[in-house]
Amino acid sequence: MVDESVIAAAAGLSVTASLPFLLYGAWIMIDTETVTWTVLMRHLRYIGAGLVLTTVPIVGWMIPRLFVNLSGIAVIHAFLGVQAYALLAFALTGIARILQAKRNADAYEDPDVDIDEIHEDMGHWRARLRAGVAGFMLLWLCAWVTGLYRLYTLHIASMF
């Protein structure tokens, strides 16, 4: 059987490996002046890979073992992670409306369409998306740091 520390390290590496995907996916949207369907799909491929690299270890390793090593830092780590995913869900409520409005206005095919003129609530949806994504990344980073600390204290420091 594989030692628990090896699996914990693999989970930590997977979550750590997701960071470049999440950051590059965000950079695609920040760097693009007009979001076409091709740009959106490229962005979603990177974000999807980052979320899979983060979510699979959470569901497969971290959640089942949360109460085994329950401590104050575990609670903080879990709280930050849950809040990060809550803000991601909040962002998705904005992106779903933006996607629907842009598809209805054929704004992905016509780059000359002013996105703010498509719907009266577009500014609200975009603000919701920005706040959710920024909050997700900030809380994800905090959860990642606390997770690395837990990995060190539970599995690495005990080897020495």
Side-chain angles (χ1 to χ4, degrees), residues 8-66 72-152:
L13 284 174
S14 178
V15 172
T16 301
S18 72
L19 182 59
F21 287 98
L22 296 172
L23 292 177
Y24 186 68
W27 178 252
I28 290 170
M29 296 307 260
I30 292 168
D31 193 44
T32 303
E33 187 172 324
T34 303
V35 178
T36 63
W37 189 253
T38 305
V39 170
L40 179 64
M41 290 296 108
R42 184 170 171 235
H43 160 75
L44 290 176
R45 277 193 298 275
Y46 282 98
I47 296 299
L51 288 174
V52 166
L53 285 169
T54 297
T55 307
V56 169
I58 289 171
V59 172
W61 173 255
M62 296 174 203
I63 291 174
R65 285 161 185 75
L66 176 63
I73 195 71
V75 171
I76 291 170
H77 177 66
F79 177 78
L80 292 170
V82 167
Q83 295 306 307
Y85 276 90
L87 280 170
L88 180 62
F90 180 70
L92 290 175
T93 62
I95 193 61
R97 294 299 200 164
I98 294 168
L99 179 69
Q100 180 184 23
K102 284 185 78 170
R103 293 284 290 179
N104 289 343
D106 290 328
Y108 288 113
E109 288 79 24
D110 184 10
D112 295 329
V113 173
D114 184 13
I115 191 168
D116 290 320
E117 306 257 334
I118 294 174
H119 195 279
E120 68 228 16
D121 292 331
M122 187 62 74
H124 174 72
W125 297 334
R126 291 174 76 192
R128 183 185 300 182
L129 173 63
R130 287 185 190 113
V133 168
F136 169 78
M137 283 309 302
L138 179 67
L139 289 168
W140 185 94
L141 287 168
C142 293
W144 177 63
V145 168
T146 58
L148 289 178
Y149 177 76
R150 286 193 72 219
L151 175 68
Y152 176 76

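- For the pair A84 and L139, the tightest heavy-atom approach, listed with the atom from each and the gap, is CB-CB, 3.8 Å.
- One distance of note links CH2 of W37 with CD of E109; it measures 8.5 Å at 0.5 Å rounding.
- The side-chain heavy atoms of M137 and L23, taken from C-beta on, include a pair separated by under 4.5 Å.
- Using a 4.5 Å heavy-atom cutoff, the side chains of L141 and L19 are in contact.
- With rounding to the nearest 0.5 angstrom, the CZ atom of R130 is 10.5 Å from the CD1 atom of I95.
- To the nearest 0.5 Å, atoms CZ (R45) and OH (Y24) are separated by 10.5 Å.
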ask   = Can you check side-chain contact (heavy atoms from CB on, under 4.5 Å) on L80 and V145, steps first, answer last?
value = CA-CA 10 Å; L80 292 170; V145 168; over 6 Å; no

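- Residues A78 and L66 share a closest heavy-atom pair of CB-CD1, 4.1 Å.
- Without hydrogens or angle criteria, T32 side chain to M29 main chain gives no donor-acceptor distance under 3.5 Å.
- Using a 4.5 Å cut-off on side-chain heavy atoms (C-beta onward), L88 and W140 make no contact.
- When all heavy atoms are compared, the tightest approach of F21 to A49 is CD2-CB, 3.8 Å.
- The side-chain contact (heavy atoms from CB on, under 4.5 Å) test with R128 is passed by exactly one of V133, L92, T93: T93.
- Between G25 and Y46, the shortest heavy-atom distance links the atoms CA-CB, 3.9 Å.
- Of the inter-residue distances, the one linking Q100 atom CD with W125 atom CH2 reads 7.0 Å to the nearest 0.5 angstrom.
- For the atom pair NE2 of H43 and CD1 of I30, the computed distance is 10.0 Å after rounding to the nearest 0.5 Å.
- With rounding to the nearest 0.5 angstrom, the CG atom of L22 is 5.5 Å from the CZ atom of F136.
- Counting heavy atoms from C-beta on, the side chains of L99 and Y108 come closer than 4.5 Å.
- Of the residues I28, I98, L40, the one that meets the side-chain contact (heavy atoms from CB on, under 4.5 Å) test with V35 is L40.
- Side-chain contact between R126 and D116 is present, with at least one heavy-atom pair separated by less than 4.5 Å.
- Looking only at side-chain heavy atoms (C-beta outward), I118 and I115 come within less than 4.5 Å of each other.
- Checking side-chain atoms of T146 against main-chain N and O of C142 turns up a donor-acceptor pair under 3.5 Å.
- Judged purely by atom type and a 3.5 angstrom limit, S18 has no side-chain atom pairing as donor or acceptor with the backbone of L51.
- Here the closest heavy-atom approach between residue P64 and residue V59 is recorded as CD-O, 3.4 Å.
- Summarising the geometry of R65 relative to W61, their closest heavy-atom pair is NE-CZ3, 2.8 Å, with the distance given to 0.1 Å.
- Shown here are the side-chain contact (heavy atoms from CB on, under 4.5 Å) partners of R150, two or more places apart in sequence or in another chain: N69, I73, A74, H77, L154.
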